[in-house]
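To keep things clear, I will list the structure first and then write my remarks on it.
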Amino acid sequence: MRPLASDGTFYEQVYAKVRAIPFGRVTTYGAVSEALAGHAGAARTVGWALGALPRSQLDEVPWWRVINARGRISISSWPGAAEAQRARLEAEGVAFGPDDRTDLDRFGWWFAE
DNA sequence: GCGTTGACTATTG
DNA sequence: TCAATAGCCAACG
């Protein structure tokens, strides 16, 4: 994997990575960041990139499969996004615990697994 | 080219 | 487990 944006902007690569997440699996912002930039420091940039995701791409990029390191949804981008994300994940078979947390040991997916 | 901005993460109390 | 802090990086204005 190339170190950084060489085939487009960083967040376009984020979109490509997110598209690679298989059905029924989730990953973390830090994992995407590490897969792209080689370190987890750009995790915020990943979130920022997904926040800049155009509506036309919302159905093509499975942004809902990207959550934080705790297996939790902490979206504040647009209202109702967290509920929509949870609904989509549950539709894919991803179970949420009583604390709205997913089991990363079961549903977590890493690019270098 | 610089300062601000975040859908983050790790650490500390 | 939660809250506050600090470090982090790329895009935007």
Side-chain angles (χ1 to χ4, degrees):
Chain A
M1 195 65 192
R2 289 176 189 166
L4 272 181
S6 51
D7 193 32
T9 60
F10 181 83
Y11 62 74
E12 282 191 9
Q13 294 191 25
V14 172
Y15 301 157
K17 271 292 176 184
V18 173
R19 276 195 219 101
I21 304 174
F23 183 93
R25 295 283 177 158
V26 296
T27 191
T28 66
Y29 300 98
V32 176
S33 170
E34 197 168 15
L36 287 178
H39 51 80
R44 306 189 67 172
T45 310
V46 173
W48 177 77
L50 292 180
L53 194 65
R55 292 202 310 278
S56 58
Q57 296 277 327
L58 287 180
D59 295 328
E60 301 180 10
V61 179
W63 53 267
W64 54 88
R65 294 178 189 152
V66 184
I67 55 182
N68 62 18
R70 288 176 173 167
R72 222 182 208 188
I73 298 173
S74 60
I75 287 187
S76 61
S77 175
W78 47 282
E83 299 175 4
Q85 183 171 17
R86 173 170 177 163
R88 286 178 180 271
L89 287 177
E90 286 181 336
E92 295 187 355
V94 178
F96 281 80
D99 296 344
D100 293 334
R101 273 194 302 174
T102 64
D103 191 351
L104 287 176
D105 291 331
R106 287 218 313 160
F107 305 107
W109 181 82
W110 270 254
F111 299 97
E113 200 172 47

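All figures in this text were calculated on a predicted structure; none of them were measured in a lab. So that the names make sense, note that chain A is the first sequence line, chain B the second, and so on, each numbered from 1.
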More than 12 heavy atoms of other residues, nucleotides or ligands under 6.0 Å from [atom1] of [X]: yes or no?
X	atom1	result
A:Glu83	CD	no
A:Arg86	CZ	yes
A:Arg19	CZ	yes

Base, sugar-phosphate alone, or nothing: which one does A:Trp63 contact when heavy atoms must sit under 4.0 Å apart?
base
Sidechain-backbone polar pair: [X] side chain, [Y] backbone, donor-acceptor under 3.5 Å:
X	Y	value
A:Arg72	A:Asp99	yes
A:Gln57	A:Leu50	no
A:Tyr15	A:Ala49	yes
A:Glu34	A:Ala40	no

Which word best sums up how the rings of A:Trp109 and A:Phe111 line up, parallel for under 30°, tilted for 30 to 60°, or perpendicular for over 60°?
perpendicular
Going by heavy atoms in the side chains, are A:Arg55 and A:Leu58 under 4.5 Å from each other?
yes
I want to check something: taking the side chain as every heavy atom from C-beta on, are A:Phe10 and A:Val46 in contact at a cut-off of under 4.5 Å?
yes
Mind checking which stems touch DNA chain C? I mean at least 3 consecutive Watson-Crick or G-U pairs, both distances under 3.5 Å.
B:2-6 with C:9-13, B:8-13 with C:2-7
Length of the line joining [X]:[atom1] and [N]:[atom2], which is rounded to integer Å:
X	N	atom1	atom2	answer
A:Leu53	C:dC12	CG	P	13 Å
A:Phe10	B:dG6	CZ	C1'	13 Å
A:Glu34	C:dA10	CD	P	14 Å
A:Tyr11	C:dA10	OH	C1'	11 Å

Under 4.0 Å from any atom of DNA chain B, heavy atoms only: list the residues of residues 94-103 of chain A that qualify, in numerical order.
none
Closest of B:dA7, C:dA10, C:dC12 to the A:Trp48 side chain is C:dC12
Using every non-hydrogen atom in the two residues, find where A:Ser33 and A:Gly41 come nearest and quote the distance to one decimal.
OG-N, 3.8 Å
Protein-proximity profile, nucleotides 8-13 of chain B, B/S/- by nucleotide at the 4.0 Å heavy-atom cutoff, equals BS----
